[in-house]
Amino acid sequence: MNYFPDEVLEHIFDFVTSQRDRNSVSQVCKPWYKIESSSRQKVFVGNCYAISPERVIERFPGLKSITLKGKPHFADFNLVPPDWGGFVYPWIEAFARNNMGLEELKLKRMIISDECLELISRSFANFKSLVLVSCEGFSTDGLAAIASNCSFLRELDLQENDVEDHRGHWLSCFPDTCTSLVSLNFACLKGDVNLAALERLVARSPNLRSLRLNHAVPLDILQKILMRTPHLVDLGVGSYVHDPDSETYNKLVTALQKCKSVRSLSGFLEAAPQCLSAFHLICPNLTSLNLSYAPGIHGTELRKLIRHCRKLQRLWILDCIGDEGLEVVASSCKDLQEIRVFPSDPFVGNAAVTEVGLVALSSGCPKLHSILYFCQQMTNAALITVAKNRPNFTRFRLCILDPTKPDAVTNQPLDEGFGAIVHSCKGLRRLSMSGRLTDRVFLYIGMYAEQLEMISIAFAGDTDEGMQYLLNGCKKLRKLEIRDCPFGNAALLMDVGKYETMRSLWMSSCNVTLGGCKSLAKKMPMLNVEIINETDQMDISADDRQKAEKMFLYRTLAGRRKDAPEFVWTL
Amino acid sequence: MEGGVAYENDLNLKETELRLGLPGTGSSIDKGVSGARNNKRPLPETREEGGANGKPDAQHDDQENAPAPKAQIVGWPPIRSYRKNSLQPKKAEAEAAAGMYVKVSMDGAPYLRKIDLTVYKGYPELLRALENMFKVTIGEYSEREGYKGSEYAPTYEDKDGDWMLVGDVPWDMFLSSCKKLRIIKGSEAIGLGCGA
C-alpha cells in the first residue's frame, strides 16, 4: 500500500465511513494518519470537553459534519444542575474563525444560544443540516435566523428540546427561494405556528420526506399538507382531535390513502381517545411507530392498530398497552428489532406492564435486540426465560418503578435473572438494571459481559466489591454511571488507569469521599475529576472525609475546562 | 407546562432525601437513611406499603385516593423531563375537566354557593369546608343520630330527586349521585336524626 499515490489511498479511505474504522486506519502509520485526517469529513466527539475545538480543526481541516455531546447522561433525569456546562458556542466560534466549510451539526445535551444559531446561519454558506437533541438555551428567534439565512437548508430536526417559544413567525422566515427542505421536525415546540406559512413551505419543498408537526397543527391543516406530500416517508402528527363524522376526517382518510410511502409514524401529541382507524391504511407499511407521547389513546385502540403493523421494526409505546397488548405485539410484529415501553403515569409510580409482557416479546419477536422497559415488577424466572429466548440482545434496559423491588414471586434479589441475561447475550453493549441487586450480579457482569460498553446502576450492590468486579471484568467499558450505591474509595481507586480507557464515570449519592476524589485526580492528570457541589454543603478546603455527593470524571486532552460554574470544582 | 416546570423545581429543592407520607406533609426520614450511606438498603423496608405487593390495577384506578404514597426520589424513574412534562399537563387537564361543581344552599342565606366535590377526599373534609363557608357548626356524623347536637344538617338531592342526609352512603357513591347540597336548619334538622 505504500506505493500507491496519496489520491488512491484517499479514494480507498472514502469507503471507510465509520469513525471507529477511520480511527483504526489513522493508527497504521504516519502517511495513513496524514491522509486519513486531511480527508475525514465526518467527526464524532462523544464528550465536548475531551478535546478542544482548535485541536479538532487542526487535525481535520476538511471537516464538514460534526456531532457533539455535552452533559452527562444523568442530566436527563435532573441530576445535573442546568448551568453545569456543555456550551457549543466556543466550537462554532472556532469553526467560523477558521473558515471551516461546516455543513452538518448534530448536538446532544448541549446549550446553544440564539446568538450561536445566528452565527451558524451567517458563517457557513453551505450549511445543510441542524439536528438538536435534548438541547436548551435557545428560542424560536434563533430558528428564525437559521430559516432566513441558510439558503440550502435540507434538515432542521428538533428532538425533545427545551425551546423558548416566541410564537410562529420563524416559519415565515424561510424565503420563497428555499425549496431544498428534506426533513423538518418541530414537534417539541410548545407554541403556535403560522399555519399558512407552513402550508406554503410544504408546497414549495418537493424533496420533503420527513415532517413532524407540533401540537398546534390541527387536523384540517394536516390533511391539506398530506395532499401535497404524497412521497412523505416519515410523518409526525400534531394534534389529533376531531369529530369522526366530520368532513375533515373523511378528507384525512382520502389524503392518507395517497401516502403510500409513509414508513414511520409518530406524534399524536394531543389525541382524543377516538378511533385511529384512519391510520390503519398506512399501518401495513410502517417500520417505525412512536406513540409514546399520546397518553390519551386507550389500550384497546393501540391493540387494534398494532395488529395491522406486520412490518414494524421499531416501536415506542406507553405501558397502557398492557401485557395483553404486548402479547399482540409479539404475535403481530415478527420483524420487531427495538421496543421501548414508557410509563404513562410516572408520578403515581405504577406501571401497567409486568414480566409477562417482557417474556411474550422475547418469545414472539426473533429479531428483537434492543429494549427499554419500564414495568411494575420482575422475576428471575422471567429474566432467565428471556435470556434463553433472546440471546441476541445488544441493548437491555429494565426499569422497575420501585427501584429496589425484589423478585415479585420469590422475594429474592434479581441477581440470577440479570446474570442470565449477561451470560446468554454475548453481544450485549448496553445495560441498565433495577430491582433488588447484590454484589453477586456484578460478579456475573464482570465475568460474562465482555462486549459491554455502557452500564447504568441505581440502588444496587452491597460493598466495594460490586464496583470492583465491574471495573475488573468489563474490558470494553466506556461509560459507567452509578447512583445511590454503597461504593466508596476502595472501589474508585482500585484501578485508576482504567478510567483513561473510558469516556466517563458518574457517581452520585455513593460513598466516595472528597479525599478519594482528590487522590484520584492527583494520580491521573489526564482526567478531569469534577465535584458538583450544589447546596454549599462542602468547602473545598474542608474535611476530606466528607462524602462527594456528585462526581463526574472524564478523560480529556483539553485540560481543566474554563467554563465551569462556581459549584463545579475540578480537582 | 408551568405545572411541569414547577414539579422539576420541587424535585431539585433539597429533595435529595426520601420522605414517607403524602407529598407536602412534614414527616421526613433522617437524611442518613437516604442513598446507601449506611451500607443499608433502606428502601425495601420503609417503602413496603407501596411496592411489595403491588396490585397494579387496583392502585392504578385509585389514583386520587392513592393509599400508598410513593416516596419521591430525585431523578426516578429515569425519564427525560421533556417526556414527563408531556404526560403531566394531560393529567392536570383531565382532573380539571372532571371537577364536579354542585350548588350549596343554606336556609336563611341570601345567595347560594358552589363547590367542587372532587377536591375533597371524604366526608370530614367536605363538612369542614361547608362549616367554613357558611360559618356554622355541623358536627360529626353518626348513623344512629345523624348530626345530633347541631342546629344544622347537610342534605343532598340525589339522582332520583330525593333529599338525603349527607354521610349515609360511601363517599364514591355520594359523589356519583349528588346533584346539589342544602344545609337545613332548626326543627327540620332535628327531625332528620333517627329516634330524636
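Just the heavy atoms: all of them, side chains too, but no hydrogens, waters or symmetry mates, feed the values below. Convention: sequence-line order gives letters A, B, ...; per-chain numbering from 1.
Scanning all heavy atoms of the two residues, the minimum distance from A:F459 to B:I73 falls at CZ-CG2, 3.7 Å. Of all the heavy atoms in B:P78 and A:F374, the pair that sits closest is O-CZ, 3.4 Å.
No donor-acceptor distance shorter than 3.5 angstrom exists from the side chain of B:W76 to the backbone of A:F77, with no hydrogens or angles considered. Between the side chain of A:R483 and the backbone N or O of B:G75, at least one donor-acceptor pair lies under 3.5 Å.
When only modelled atom types and interatomic distance are considered, B:S81 and A:D76 share no side-chain donor-acceptor pair under 3.5 Å.
Contacts of A:S456 with chain B are absent, with no heavy-atom separation under 4.5 Å from either backbone or side chain. For A:R397, no part sits under 4.5 Å from any heavy atom of chain B, backbone or side chain. In this structure, the portions of A:S292 lying under 4.5 Å from any heavy atom of chain B include both its backbone and its side chain. Heavy atoms of A:P343 lying under 4.5 Å from chain B belong to its backbone as well as its side chain.
Residue-environment remark: CD (B:E125) exceeds the threshold of 12 foreign heavy atoms within 6.0 Å. Crowding of A:E324 atom CD: a count of heavy atoms from other residues, nucleotides or ligands under 6.0 Å not exceeding 12.
Atom-to-atom distance recorded for A:K190:NZ and B:S86:OG is 11.5 Å, nearest 0.5 angstrom.
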Evaluation steps, side chain to side chain contact (heavy atoms under 4.5 Å, CB included), between A:C188 and B:Y82: CA-CA 9 Å; A:C188 65; B:Y82 178 83; 3.3 Å; yes
Side chain to side chain contact (heavy atoms under 4.5 Å, CB included) evaluation trace for B:R80 with A:N78: CA-CA 8 Å; B:R80 280 186 186 165; A:N78 295 342; over 6 Å; no
